[in-house]
Amino acid sequence: ILRPEWTLKGDTNVGYFAYHAGFAAVAASVVSMSRKKRILLVSVLLTFLVMLKGRSMIVATVACMVLVRSLYSDSLKRYAGFAFFGLCAGFLIDLPLGGHLMHLFNGAMQGWLPYLTIGAGSDNLAELSGRRPLWAALVPLLPDAAWVGHGFGAFWTSVRLNHIYAAVGWPAVDAHNGFIDEILATGIIGLVLLMAVWFFVIAFVRSSRFIERRASALLVAWIVLLLCFNLMDSIFELAGQFPTFLIMTVALASITLADRTSSESTYV
């Protein structure tokens, strides 16, 4: 584990482990339990993420842990938490756009560089483990069906898989960015509708007086964490798998419960 080169990523999809650990860590930071149990559980989950070396996942998880605590806090810590979350979110968003913030701290990270790059050198960070050349090859293809996309799962044909492999030098089977993959599949219209659903859920649970503040804060943080994970992975379209299925289920349950409680309150 202490060797910089050691990783499970070569023969294991660590996302299927890291997603669960990340969502559990965010939940553990807010559910009712003693302080000692909370610290122990969160420490174990974050240690697990560090062992998996899910670099952007660690930043996203910590940011959303702070966010969920800030959403129901009424003290000065609320604004400090929002500021910290904003910095982390800006860093995560900047990575796909160019990684300027990462380069600013490049000197300060020299000692940790072998671990941050999993022994692959600074080029690994600069190219985001091969994601940047992949995105550079995919972005010019977006205008081909920009508004409606190619169809659900229809872009990644054998011909395009071979074309992308020849362009980037490694066998990519998705865009490793949920937003790009959504445009390729359902177009700008599909992406806008998808984001509208998430924003509607956030607005609903935060405005409903029938959903407890801590529960609504957790759901909002989970949705934000899903969006953050999709910056480096394509999990929007994994509708029947964790974590997309979890959030859709919790969101529908929350809306249904709030609506039923509202109706019963009005009737009484």
Side-chain angles (χ1 to χ4, degrees), residues 1-29 40-68 84-85 87-97 99 101-102 105-106 109 111-135 170-181 218 221-238 241-247:
I1 295 174
L2 296 180
R3 287 192 302 109
E5 299 84 3
W6 182 85
T7 177
L8 294 173
K9 295 181 178 181
D11 55 6
T12 305
N13 189 341
V14 299
Y16 289 116
F17 303 99
Y19 299 149
H20 293 73
F23 276 75
V26 174
S29 66
L40 176 61
L41 181 55
V42 170
S43 299
V44 169
L45 291 168
L46 290 181
T47 300
F48 185 67
L49 285 175
V50 171
M51 290 172 58
L52 291 175
K53 298 184 178 180
R55 296 157 293 184
S56 61
M57 292 180 179
I58 296 172
V59 177
T61 299
V62 172
C64 288
M65 287 171 57
V66 173
L67 175 64
V68 71
F84 177 81
F85 170 78
L87 288 174
C88 292
F91 176 78
L92 289 171
I93 294 172
D94 176 70
L95 289 179
L97 295 179
L101 294 177
M102 182 186 67
F105 297 99
N106 194 36
M109 295 189 301
W112 294 95
L113 198 61
Y115 295 93
L116 291 173
T117 62
I118 316 180
S122 58
D123 287 344
N124 178 269
L125 278 182
E127 295 189 357
L128 301 177
S129 299
R131 288 177 175 85
R132 199 176 299 281
L134 172 62
W135 297 337
W170 58 279
V173 295
D174 58 53
H176 284 268
N177 181 292
F179 301 93
I180 293 178
D181 255 330
L218 176 58
W222 271 354
I223 292 175
V224 173
L225 186 58
L226 177 70
L227 299 179
C228 290
F229 281 171
N230 269 282
L231 289 170
M232 296 293 165
D233 282 303
S234 298
I235 55 178
F236 276 144
E237 295 194 9
L238 301 179
Q241 299 183 27
F242 191 94
T244 310
F245 181 75
L246 167 71
I247 295 183

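Computed over heavy atoms, backbone and side chain alike; hydrogens, waters and symmetry mates excluded.
At most 12 heavy atoms of other shown residues, nucleotides or ligands fall within 6.0 angstrom of atom CZ in F17.
Closest non-hydrogen pair, C88 versus V59, comes out as CB-CG1, 4.1 Å. L52 approaches A18 most closely through the heavy-atom pair CD1-N, 3.9 Å. Considering all non-hydrogen atoms of both residues, P96 and I93 come closest at CD-O, 3.1 Å. Closest heavy-atom contact between M65 and V26: CG-CA, 3.9 Å. Of all heavy-atom pairs between V42 and S29, the closest is CG2-N, 4.3 Å.
Without hydrogens or angle criteria, T244 side chain to I235 main chain gives a donor-acceptor distance under 3.5 Å. The closest donor-acceptor contact from the side chain of W170 to the backbone of G130 lies under 3.5 Å. Panel note: side chain R132, backbone L95; a donor-acceptor pair is recorded below 3.5 Å. Side-chain N or O atoms of N177 include one that pairs as donor or acceptor with a backbone N or O of L231 at under 3.5 Å.
Here the CG-NE2 distance, from L128 to H176, works out to 12.0 Å after rounding to the nearest 0.5 Å.
Ring geometry for F229 against Y19 counts as tilted: the plane angle lies between 30° and 60°, on a 0 to 90° scale. Ring geometry for F242 against F23 counts as perpendicular: the plane angle is over 60°, on a 0 to 90° scale with 30° as the lower cut.
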